[in-house]
Structures are given as structure tokens and as C-alpha cells.
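Working notes for the structure below.
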Amino acid sequence: MDLLDQLNPPQRAAVEHGDGPLLVFAGAGSGKTRVITHRIAHKVAACGVPAWNILAVTFTNKAAKEMRQRVERLLGTAGARDAWIGTFHSTCARLLRANAADAGLDPRFVIFDDADQQAMVKRVAKDFGLDERRFPPRMLQSRINQAKQECRGPEQLERNSPVDGAIFDVYRTYEDRMAAAKAVDFGDLLYRTVLLLQNSAEVLAAYRRRFRHILIDEFQDTNRVQYVLVKLLAGEAPNVCAVGDDDQSIYRWRGADIRNIRDFQRDFPGTVVVKLEQNYRSTGRILDAAHGVISKAIEREPKKLFTENAGGSPVEIETLADERTEALRVVSWTRALRSKGFELGDIAVFYRVHAQSRVIEEALRAANVPYAVYGGMRFYERAEIKDAIAYLRIVQNPHDDVDLGRIINVPPRGIGKSTVDVLFEQATNRGTSLHDAMCAACGDGSMPAATRKRLGSFRDLVHGWRAREADLSPAALLRLILDESGYEKALAGEDTPESDARSQNVAELVGSLEDYEKTAEEPTLAGFLESITLQSVQDEIEEGDRLTLMTVHTAKGLEFRAVMVVGMEEDLFPFRSSQAGRDPHEMDEERRLCYVAITRARERLLLTNVGMRRLFGFEREAFPSRFLEDIPEDSRTVYSPPGRPRSIGPLGRRSAEPAGRTIDRSYSQLPATGEDDHLGFRVGQSVRHARFGVGLVLRVEPGADPKVSVDFPGHGTKTIVARFVQPA
DNA sequence: ATTCCTGCCTTTTTT
DNA sequence: AGGCAGGAAT
């Protein structure tokens with residue numbers, strides 16, 4: 001087989017390019033993965049490079065898996081085996097575990113996901129007594145992540161304002177608590193790998209020797225620390241091949257830094273640039289539409305996709321009355337396509353925000369159309385699954401405070417909040433983990449005897465499971481835990497439809513652990529735990545005879561014969577949150593997102609917008625997205641209902657008044673004057689409460705259980721059952 | 001210690 | 001609208 005035969009000239013140039021830095025601009029559908037896989041195969045088969053010397057990095061496990069399969073197809077399974085193909089994060093996790101001592105980590109560290117991290121941040125912020133309104137945990141968390149993305153430890157942070165000071169305190173203490181918990185977060189995986197390579201010349205040299213050829217997929221999505229990592233590994237004679245498309249950069253808000261593409265040519269002198277502009281996916285009309293949208297971006301590398309597949313059906317643009325009608329249109333379009341020979345699996349519906357999916361799901365259920373929704377609440381994020389996993393993680397690493405804190409009283413075993421608070425405090429004071437504090441409390445007199453006893457029996461349970469880890473398979477261990485912890489019984493005891501669903505989910509987790517044991521090369525508990533925390537939405541996608549529903553973000557990298565994008569409206573797509581005043585780069589990103597949506601379609605594309613949309617509980621008038629105007633007229637067909645002249649052309653763009661009308665329910669539901677008087681309380685009256693003192697009645701709520709809303713100076717507004725306050 | 005309720009906030013989420 | 005967190009009631 002000749003690896004070069006099936007390639008067009010630029011693809012071939014990229015594959016054949018010898019040593020030295022290479023930057024490939026790979027437009028949508030231009031055969032990017034083909035170039036990477038063929039380049040790997042070419043290096044190995046034609047240039048005599050040992051597969052061992054190759055590192056290929058992707059962003060999702062799915063991409064990594066697909067890449068490996070395609071390389072195997074070219075080289076044979078054995079020929080490809082030694083190539084290191086993985087995501088940034090899994091690669092780093094592997095490096096850190098292999099060099100744990102040099103990295104200053106326990107090799108059994110657990111990886112915290114977003115939610116775990118937030119729990120830890122919250123705990124730290126609370127210890128500092130920070131006001132949640134001034135310092136939302138979410139903000140603190142993102143500042144920490146941002147710092148790590150920029151390769152900055154706490155000491156490298158600005159500390160000029162009180163706010164900066166608080167962030168510094170939280171960051172530093174967070175790091176201490178993470179160390180005590182023997183846990184790392186996503187940012188740590190990358191940042192600590194960089195530190196490892198910077199601090200150990202030996203380790204760095206070893207990996208530079210090993211990874212002679214580095215290939216990076218989706219380069220436009222790399223952030224700073226990833227870029228630094230690549231530079232470190234590439235070394236003095238960089239054989240780095242970066243493949244990306246600046247037009248598909250849609251994760252700027254998550255730290256992806258488009259400067260990496262520009263800096264690449266500066267940092268790697270002599271970079272050869274190849275542009276792949278021939279598209280093998282979409283019809284000419286769809287590409288024209290995509291180009292119309294993306295060419296208006298204020299900042300982009302000039303390029304234009306072309307295809308030999310000219311013509312095709314026009315892009316359809318259709319205005320519906322409201323989101324329910326739009327959902328029905330999903331059903332009718334699906335039916336129409338099926339009668340034309342499309343399978344359900346060929347069709348996808350994209351939306352800007354998850355909240356849009358519900359109406360569509362309802363319509364599909366009513367019409368008996370099978371579908372799968374991706375994203376939103378994910379399996380491993382469900383409370384019961386997180387609980388079960390928390391137990392497993394405690395077995396792997398009992399010092400994991402977040403997970404121990406999560407399950408120490410789940411199911412309820414009489415170790416209440418106050419007890420846990422005290423234990424946390426002791427742990428913080430002594431610089432130990434919650435686990436160690438718990439064990440200490442079992443042996444000293446710091447807790448009441450009853451509490452001590454309950455802590456002791458829980459500790460014994462945990463230690464018992466740890467002792468069994470070696471001789472039980474992970475799935476068997478989980479079954480033992482679910483039994484002995486009482487978790488299973490507690491769920492069964494609830495006996496509600498919800499608890500049944502949760503039991504099923506837990507059973508499914510056991511099932512997926514069993515699957516893992518069967519399929520993994522070397523199944524271990526740690527391996528399973530790592531694989532699930534590093535899993536993405538895309539990894540969950542399965543082929544099947546059903547319609548696909550997902551956000552545009554999730555759709556990146558996929559393709560479908562027919563695509564429908566709903567909600568093509570100003571303020572929704574492009575999205576604009578209630579706060580105004582944002583920079584034009586954000587609009588560019590929305591534009592690129594729209595470009596991504598359009599370029600997923602192979603043959604058919606339907607874009608819809610509605611006149612009236614109910615979203616987030618409010619109904620408001622909606623106006624066609626500006627992106628619709630950018631689609632050339634000879635590539636599109638516009639359907640608007642009669643009597644509703646919402647032409648897409650130079651449209652009646654919304655005037656400058658604020659977005660829609662909003663009705664504040666909390667006021668419209670206030671009882672009218674005259675109804676204010678109940679039970680002797682009336683609005684404006686002074687009342688006294690045992691704890692909050694004297695306050696002013698703002699609202700009286702009649703009913704079987706009358707309540708009053710009272711503003712207590714110094715305590716804020718409370719809604720209290722009326723009999724707990726007296727007139728003052 | 002546990003359960004119930006109210007008020008909050010709402011984008012996207014490769015790992 | 002709906003999910004969640006924190007506070008209040010039992």
C-alpha cells in the first residue's frame with residue numbers, strides 16, 4: 001500500500017514534510033485526521049522512525065482512539081502499538097504517575113473534576129470566612145485554573161488589591177489542602193508536568209529522547225500551559241507538527257489561546273506552513289453559506305474552502321411562530337428526510353444552549369421518534385454515581401477529603417454536619433487529611449462517646465475495603481461497598497420512582513465497571529477511576545438508528561448528512577447574556593461557532609428561527625440572527641409564514657431598547673393592597689423574631705401555613721412562618 | 001440530625 | 001422552568 005497515493009498535493013506535502021516544525025491549517029472536512037495518521041504511518045513505515053518515538057496529542061479520548069485505530073489500519077496493530085497517542089490530560093497523568101517522586105506527588109493521587117475542585121475551593125474560602133457574594137467560589141475556582149493555565153503558582157500572582165490578596169490566600173491554601181488530600185485537578189495535570197520537566201533535567205532529557213516526533217491535533221484549542229509543554233518536549237531540534245483551524249476555535253472562553261498559532265511560527269523558526277482547503281464533506285452551497293458567515297470575522301487567517309462537489313440543495317432558512325412549532329418542525333423535517341432515504345442516524349439537531357432541548361425532546365417523544373441527547377447532566381455527574389465513585393476513590397486514596405466528606409454520612413449514619421465540621425477543622429489545624437482527623441478522633445476524647453463509636457465503625461468499614469482491594473476485582477469491590485455501606489439498602493428503602501432510577505444508575509455503574517474489566521488491558525481500580533474522570537461528552541456518543549441532539553460545541557469534529565440548527569436568533573445565537581458590553585472577540589467566537597455548526601452538514605442544512613421564544617422561564621419576541629444575513633442569497637431558500645414579513649435580508653434588526661420585556665414575578669404575585677392584612681400582620685409593620693430581633697414586614701403570605709417576609713437589619717430578608725414573629 | 005422550602009441564577013464545557 | 005444551595009423548621 002502506498003501511503004501517499006490517496007492524498008491531494010497539500011495533504012501529501014504535510015505528510016512528506018521531513019524534520020522540523022510544521023504547521024497545518026486544516027479547514028473543516030479537509031482531511032485533517034487523515035494527514036496526522038498518514039504522517040505517523042509514513043514516519044514509521046517509510047522513514048524508519050520507531051513508533052516508540054512518536055507522541056500524538058488530542059483533546060478527547062474519542063479522537064485519540066480514532067487516531068490509534070486509523071494508524072493501526074495503516075501500520076498493523078503491532079506496528080502502531082508503541083506510538084503514544086492520547087489526550088493532553090491522560091498523557092500528563094501518565095507522566096506524573098511514572099515520575100511521581102520527582103513531581104512531588106503520591107503515585108496514587110486521585111484526579112479531581114470540576115465539581116470536586118469546587119467543593120475544595122468552597123471549603124477553603126469558608127475557612128477564610130470569605131463572603132460568598134464578594135468572592136463567589138466559582139470565581140475563585142476560575143482564577144486558580146486561569147493561573148495554572150498561565151503556569152503561575154500562588155507566589156506568582158499579583159497581590160496589589162485586597163481582592164488579589166484573597167485570591168492568593170485561597171489559591172495557596174487550596175494547594176496545601178490538595179496536597180494533603182493527595183489530589184490533583186485538571187489544571188495540575190498540565191502545570192505539574194511542566195514543572196516536572198522544568199525541574200528535572202534528567203526527566204526532561206529522557207522524554208525528549210523518547211518523543212522525537214510530536215503531533216498535536218486541534219492546535220487552535222491549546223492553552224498556554226499546553227503550548228509550553230509542547231515547547232519543552234520538542235526541545236532543540238523540534239519535530240512538531242501542529243494541526244488546527246483558527247476558524248474552529250470555540251474555546252477561547254476556556255483559555256484556548258489563538259496566539260499559540262501565531263507564536264508557533266515565531267517560536268519555531270523555519271516552520272513550514274501548509275493549508276488544506278479542499279473540503280471532502282459538504283456540498284458547495286453549504287460551504288458558501290459557511291464562508292459567508294466566517295468571512296465576516298474581524299480576525300482570521302485568510303483562506304477559503306473549495307469542493308468538487310458543487311451545487312447541492314440550497315440551505316433552508318425557516319421562520320416559525322415559537323419554540324413549540326419549531327420542535328414540531330424538527331419532527332416533520334425528520335419525516336421528510338426519511339422518506340428521501342435518510343436514516344435517523346444521518347440527522348442531527350444542534351442548539352446553542354441545552355435548555356433548548358426540552359421542547360424538542362417532548363415533540364420527538366410524542367411523535368415516537370427515537371433520539372439521543374448528549375451533554376447536559378452526564379452519567380458520571382449524577383449524585384448517586386458520584387457517591388459510588390467517592391467510595392471507590394476513598395479506597396484508592398483515603399486522604400481524598402472531598403470524597404470522604406461527601407460520603408461520610410451518606411447514607412445517614414449519625415455523623416452529622418457539626419461533627420464533620422469539627423473534624424475538618426482539626427484536619428486543617430494539624431495539616432492532615434480528614435481521614436487522619438477521623439482516625440485520631442476515634443482514639444482521643446475530643447468527641448462524645450456515641451460519635452466516637454460511629455466514627456470508629458465507619459473507619460473500620462473503610463479500612464476493611466482497603467484491605468480487600470488487592471484480592472477483589474474492582475466491580476466486586478464496588479458491590480461489596482454498596483452492600484456494606486448500606487447505600488444500596490438506603491436507596492431501595494426510599495422506594496420512589498426517583499430512587500428506583502438511581503438504583504438503576506448505580507447498577508449501570510457496576511455494569512460499566514465489569515465492561516471495563518473485560519476490555520482494559522490491565523484493569524485496575526485506579527485505571528477505571530482515571531478513565532471516567534477524564535471522559536468527555538463525545539466519548540459517550542454511540543452510533544445508532546436515532547436522531548442526535550446536542551449543542552454546537554459538542555458537535556465539533558462530527559459530521560452528519562443532514563443538520564438542523566434551531567434558535568438562529570439574536571441574543572440566542574449569537575448568544576448574549578443579560579449583561580451587555582462585551583468585546584468583539586466574543587462575537588467572533590459566536591461566528592466561528594456558527595461556522596462549526598454549518599460545516600457539520602454534508603448534504604442538507606436547515607436553519608430555523610422563531611418569532612416568540614420562551615426560554616429560562618420568560619417569553620420574549622425574537623429576531624433573526626445576524627448570521628442568517630451573511631448566507632449568500634443564491635445558496636439559500638427562505639421560508640417565512642405569510643403575514644409575518646420577517647425578511648432575512650436587511651432585516652428589521654431590533655431597536656436599541658433592552659432585550660425583551662421581563663416580568664418580575666416576585667412583584668406581580670404580591671397580594672394587592674387590602675390583602676396585606678393577615679393574622680394581624682401588615683406590610684410595613686415592625687415585628688420581633690427570637691433570633692433576628694426587630695424587622696420590617698415586606699410581604700404577608702396567606703394560606704394554611706401563613707408566612708411573612710421580614711427585613712431584619714443586619715440579617716437581610718427572611719421569610720418566616722408567621723407564628724414565629726410577634727408584633728413589636 | 002434530617003427534612004423541607006425558598007430564593008437564586010441561568011452559555012458553551014475538549015479534560 | 002428547573003436544579004441547587006443554604007436556611008429554617010421539626
Side-chain angles (χ1 to χ4, degrees), chain A residues 57-64 86-93 111-115 117-118 122 132-133 136-138 145 184-190 217-218 220-223 226 248-256 350-356 358-359 374-378 381 383 409 411-420 451 454 530-539 550-557 567 571-579 586 589-590 592-593 596 614-619 665-666 689 691-692 701 705 707 709 715-721 723-724:
Chain A
V57 197
T58 63
F59 277 89
T60 64
N61 297 295
K62 183 174 176 247
T87 65
F88 268 105
H89 290 81
S90 66
T91 302
C92 289
I111 302 170
F112 274 7
D113 69 14
D114 233 48
Q117 183 189 33
Q118 189 167 29
K122 251 188 194 162
E132 286 210 12
R133 302 202 74 89
R138 200 102 227 120
N145 290 337
V184 301
D185 59 38
F186 288 144
D188 283 330
L189 288 174
L190 297 153
D217 191 21
E218 305 278 17
Q220 77 282 356
D221 289 335
T222 51
N223 60 28
Q226 286 161 337
Q248 292 185 70
S249 161
I250 57 174
Y251 286 106
R252 202 180 80 100
W253 53 275
R254 254 180 125 275
F350 303 153
Y351 33 79
R352 180 63 180 76
V353 302
H354 283 300
Q356 291 171 259
R358 230 193 60 238
V359 217
Y374 295 102
M377 178 55 100
R378 293 169 49 197
E381 288 167 1
N409 197 33
R413 47 175 74 90
I415 305 173
K417 194 170 158 345
S418 47
T419 305
V420 177
T451 307
R454 282 177 285 213
E530 185 164 311
S531 75
I532 60 179
T533 43
L534 297 183
Q535 195 176 49
S536 71
V537 183
Q538 284 216 350
D539 297 329
M550 57 174 71
T551 64
V552 182
H553 281 91
T554 305
K556 196 179 78 157
D571 291 357
L572 181 55
F573 198 3
F575 190 89
R576 196 170 61 198
S577 71
S578 42
Q579 308 110 47
E586 289 195 32
E589 180 140 317
E590 293 292 315
R592 293 192 293 265
L593 193 56
V596 166
R614 175 175 286 278
L615 195 67
F616 299 133
F618 289 112
E619 181 160 58
R665 281 303 161 89
S666 60
H689 181 271
R691 261 179 69 201
F692 303 128
E701 199 177 290
D705 200 11
K707 299 184 180 80
S709 291
H715 297 276
T717 304
K718 312 278 178 197
T719 301
I720 294 170
V721 172
R723 71 191 131 89
F724 285 91

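Values below: every heavy atom of this structure, side chains too, minus hydrogens, waters and symmetry copies. By convention in this document, chain letters (A, B, ...) are assigned in the order of the sequence lines, proteins followed by strands, and residues within each chain are numbered from 1.
Listed nucleotides B/dT14, B/dT11, C/dA5 differ in distance to A/Y251; the shortest reach to its side chain belongs to B/dT14. Relative to the side chain of A/F616, the nucleotides B/dT10, B/dT14, B/dT12 differ in distance, and B/dT10 lies closest. Closest to the side chain of A/T60, from the set B/dT14, B/dT11, B/dT13, is B/dT14. Checking B/dT13, C/dA1, B/dT11 against the side-chain heavy atoms of A/R614 singles out C/dA1 as nearest. Checking B/dT13, C/dG6, B/dT14 against every side-chain atom of A/H553, the shortest atom distance belongs to B/dT13. For A/P412, the side-chain atoms get nearest to B/dT2 when compared with the rest of B/dT14, B/dT2, B/dT13.
Using a 4.5 Å heavy-atom threshold, the side chains of A/F350 and A/T551 count as separate.
The nearest whole Å value for the distance from the CG atom in A/L593 to the C1' atom in B/dT13 is 12 Å. Taking atom CZ of residue A/R352 and atom P of nucleotide B/dT10, one finds them 15 Å apart after rounding to whole Å. Taking atom CG of residue A/N145 and atom C1' of nucleotide B/dT13, one finds them 12 Å apart after rounding to whole Å. Atom CG in A/D114 sits roughly 14 Å away from atom P in B/dT11 (whole-Å rounding). Taking atom CG of residue A/L615 and atom C1' of nucleotide C/dA1, one finds them 10 Å apart after rounding to whole Å. Rounded to an integer number of Å, the gap from A/N61 CG to B/dT14 P is 11 Å. Here the C1' atom of nucleotide B/dT11 and the CE atom of A/M550 are 17 Å apart, to the nearest Å. Taking atom OH of residue A/Y351 and atom P of nucleotide B/dT13, one finds them 9 Å apart after rounding to whole Å.
Between A/R358 and C/dA1 there is no side-chain polar atom (N or O) within less than 4.0 angstrom of OP1 or OP2. Between A/T551 and B/dT13 there is a side-chain polar atom (N or O) within less than 4.0 angstrom of OP1 or OP2. The phosphate of B/dT2 has OP1 or OP2 within less than 4.0 Å of a side-chain N or O from A/N409. Contact annotation: A/H354 side-chain N/O to B/dT13 OP1/OP2 distance is under 4.0 Å. Contact annotation: A/S418 reaches the phosphate of B/dA1 (side-chain N/O to OP1 or OP2, under 4.0 Å). The shortest distance between the side-chain N/O atoms of A/T58 and the OP1/OP2 oxygens of B/dT14 is not below 4.0 Å.
The structure places NE2 of A/H89 at 10.0 Å from CG of A/D188, a figure rounded to the nearest 0.5 Å. Atoms NZ and CD, from A/K556 and A/Q248 in turn, are 6.5 Å apart once rounded to the nearest 0.5 Å. Distance check: A/R138 CZ to A/K122 NZ gives 9.5 Å after rounding to the nearest 0.5 Å.
Under 4.0 Å is where a charged nitrogen must lie from a carboxylate oxygen, and between A/R352 and A/D571 no such pair does.
For B/dT12, the base is not stacked against the aromatic ring of A/F575, per a cut-off of 5.5 Å between centres and 30° between planes.
Within 4.0 Å of A/K417, counting heavy atoms only, lie sugar-phosphate atoms of the nucleic acid but no base atom.
Annotation: of the two residues near DNA chain B, A/I250 and A/L534, the 5′-most nearest-nucleotide partner is A/I250.
By the 30° and 60° cut-offs, the orientation of the rings of A/H553 relative to A/Y251 is tilted.
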